[in-house]
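Only heavy atoms go into these numbers, but all of them, side chains included; no hydrogens, no water, no symmetry mates.
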Amino acid sequence: MSRRAGYALHVMTASGAVAGLLALQAIIDNNIRGALIWLVVCQVLDGLDGPIARRIDVVIHAPRVDGFTLDLIVDYLTCVVVPVALLIRLELLPQEFQTLIAGLILLMSALWFARTDIETEDHWFNGFPAAWNLVIPTFIILGTREDYVIAMILGLCAISLTKLKFPHLVKVTFLRPLTWALAIVYFVALTLLSTKYPDGPAYLKPILVLFPICIFGISIFHSWKVRESSVNSSND
């Protein structure tokens with residue numbers, strides 16, 4: 001039973017790639033609402049597989065498939081490639097810079113996924129964790145101006161390969177009740193706004209801004225604590 005459950009979970013993880021394909025097909029068909037909804041489905045699959053894998057010890061019971069590598073492959077498709085296709089399809093960038101900036105996202109994200117220090121022992125990501133499946137839908141739903149889109153993309157690409165710590169929302173224990181509560185509220189808001197796009201309730205839209213600001217603040221604070229701890233240890 002454990003062996004079957006393990007490989008069934010790998011299939012579930014891999015099905016995220018199929019959901020990503022359906023999102024791409026929706027983009028080709030100019031079905032933006034459909035693309036946003038399929039990206040939400042990808043997030044649900046990505047959020048569920050990790051906790052289940054740890055619960056059933058998938059590494060032990062289904063070792064022929066490397067779940068970590070599989071997750072990275074699917075995530076690069078659903079968190080990077082599909083959102084970038086959405087970015088290009090809706091022409092959120094100036095035409096003369098579109099290919100350059102889209103290519104920069106793909107480049108920096110590929111380098112981030114290949115980092116050997118992608119995650120710390122206490123489950124913080126080093127650098128911006130290529131969460132373009134959240135960033136770009138937010139641009140779309142909020143109707144963000146081109147200059148803000150460019151500035152945000154360049155800023156996030158710039159910190160991709162840094163040591164700035166971003167919390168893994170499922171694993172990190174620091175401020176877990178707060179981050180989980182924020183994540184749930186954010187995900188509900190994103191889901192409702194995606195299913196109702198472009199006519200979602202306006203009162204939910206500020207949540208798409210407040211949540212990343214809070215997470216970024218937590219990231220800066222924790223990174224500062226880590227740095228101070230390292231400096232103090234060196235002095236001792």
Kindly compute the distance separating [atom1] ([X]) from [atom2] ([Y]), expressed to the nearest 0.5 Å.
X: Tyr197; Y: Leu36; atom1: OH; atom2: CG; result: 7.0 Å
X: Leu39; Y: Ile37; atom1: CG; atom2: CD1; result: 10.5 Å
X: Ile105; Y: Leu87; atom1: CD1; atom2: CG; result: 5.5 Å
X: Thr120; Y: Asn126; atom1: OG1; atom2: CG; result: 6.5 Å
X: Ser223; Y: Ile159; atom1: OG; atom2: CD1; result: 9.5 Å
X: Ile140; Y: Leu208; atom1: CD1; atom2: CG; result: 11.5 Å

Can you tell me if [X] uses its side chain to pair, donor with acceptor, with the backbone of [Y] under 3.5 Å?
X: Thr162; Y: Ala158; answer: no
X: Arg176; Y: Val172; answer: yes
X: Ser15; Y: Met12; answer: yes
X: Asp66; Y: Phe68; answer: yes
X: Arg89; Y: Leu24; answer: no
X: Thr13; Y: Asp71; answer: no

For residues 131-138, please give each side-chain donor-acceptor pair under 3.5 Å, one per line with the distance, not counting sequence neighbours.
{"unit_1": "Trp132", "atom_1": "NE1", "unit_2": "Ser109", "atom_2": "OG", "d": "3.1"}
{"unit_1": "Thr138", "atom_1": "OG1", "unit_2": "Leu134", "atom_2": "O", "d": "2.7"}

Is there a side-chain contact between [X] and [Y] in this structure, where contact means two heavy atoms from C-beta onward sitting under 4.5 Å apart?
X: Asp122; Y: Thr173; answer: no
X: Leu106; Y: Tyr76; answer: yes
X: Gln25; Y: Leu21; answer: no
X: Asp46; Y: Asp75; answer: yes
X: Lys165; Y: Ser219; answer: no
X: Val74; Y: Cys42; answer: no
X: Phe221; Y: Lys225; answer: yes
X: Met108; Y: Phe128; answer: no

[Y] reachable from [X] in the ILVMFWY side-chain graph, under 4.5 Å edges:
X: Val149; Y: Val209; result: yes
X: Leu164; Y: Leu161; result: yes
X: Ile118; Y: Leu111; result: yes
X: Val41; Y: Ile27; result: no
X: Leu169; Y: Leu45; result: no

Not counting sequence neighbours, which residues clear side chain to side chain donor-acceptor pair (under 3.5 Å) with Thr144? List them please.
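Result, side chain to side chain donor-acceptor pair (under 3.5 Å) vs Thr144: none returned.
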Which residues pass the side chain to side chain donor-acceptor pair (under 3.5 Å) test with Thr78, not counting sequence neighbours?
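Thr78 satisfies side chain to side chain donor-acceptor pair (under 3.5 Å) with no residue once adjacent residues are dropped.
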Can you confirm whether more than 12 heavy atoms, excluding those of Lys196, are under 6.0 Å from its NZ atom?
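No - once you tally the heavy atoms of other residues, nucleotides and ligands closer than 6.0 Å, there are 12 at most.
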side-chain contact (heavy atoms from CB on, under 4.5 Å) for Leu93 and Ile153? Distances and angles first, verdict last.
CA-CA 10 Å; Leu93 298 168; Ile153 289 175; 4.1 Å; yes
Show me the pairs that pass salt bridge (charged side-chain N to carboxylate O under 4.0 Å, His left out) and involve residues 198-208, at least two apart or across chains.
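Applying salt bridge (charged side-chain N to carboxylate O under 4.0 Å, His left out) to every pair that reaches into residues 198-208, excluding sequence neighbours, yields nothing.
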Verdict with supporting geometry, Asp117 and Lys163, salt bridge (Lys or Arg N to Asp or Glu O under 4.0 Å)
CA-CA 9 Å; Asp117 62 345; Lys163 291 284 190 176; 2.9 Å; yes
Anything under 3.5 Å between a donor and an acceptor, one on a side chain of residues 184-194, the other on a protein residue two or more places apart or in another chain? List them.
{"unit_1": "Thr191", "atom_1": "OG1", "unit_2": "Phe187", "atom_2": "O", "d": "2.8"}
{"unit_1": "Ser194", "atom_1": "OG", "unit_2": "Leu190", "atom_2": "O", "d": "2.7"}

Locate the shortest heavy-atom distance separating [X] from [Y]; write the atom from each residue and the value.
X: Ala23; Y: Trp38; answer: CB-CB, 3.7 Å
X: Ser160; Y: Arg115; answer: O-NH1, 3.1 Å
X: Val170; Y: Trp180; answer: O-CZ2, 3.7 Å

Under the rule for ring-ring contact (aromatic ring centres under 6.0 Å, His included), what residues qualify as partners of His123, not counting sequence neighbours?
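Residues passing ring-ring contact (aromatic ring centres under 6.0 Å, His included) with His123: none at all.
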Verdict with supporting geometry, His10 and Leu70, side-chain contact (heavy atoms from CB on, under 4.5 Å):
CA-CA 8 Å; His10 287 319; Leu70 176 62; 4.2 Å; yes
Checking ring-ring contact (aromatic ring centres under 6.0 Å, His included) between His222 and each of Phe125, Phe216, Trp124, Phe166, which is the one that passes?
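Single pass found, and it is Trp124.
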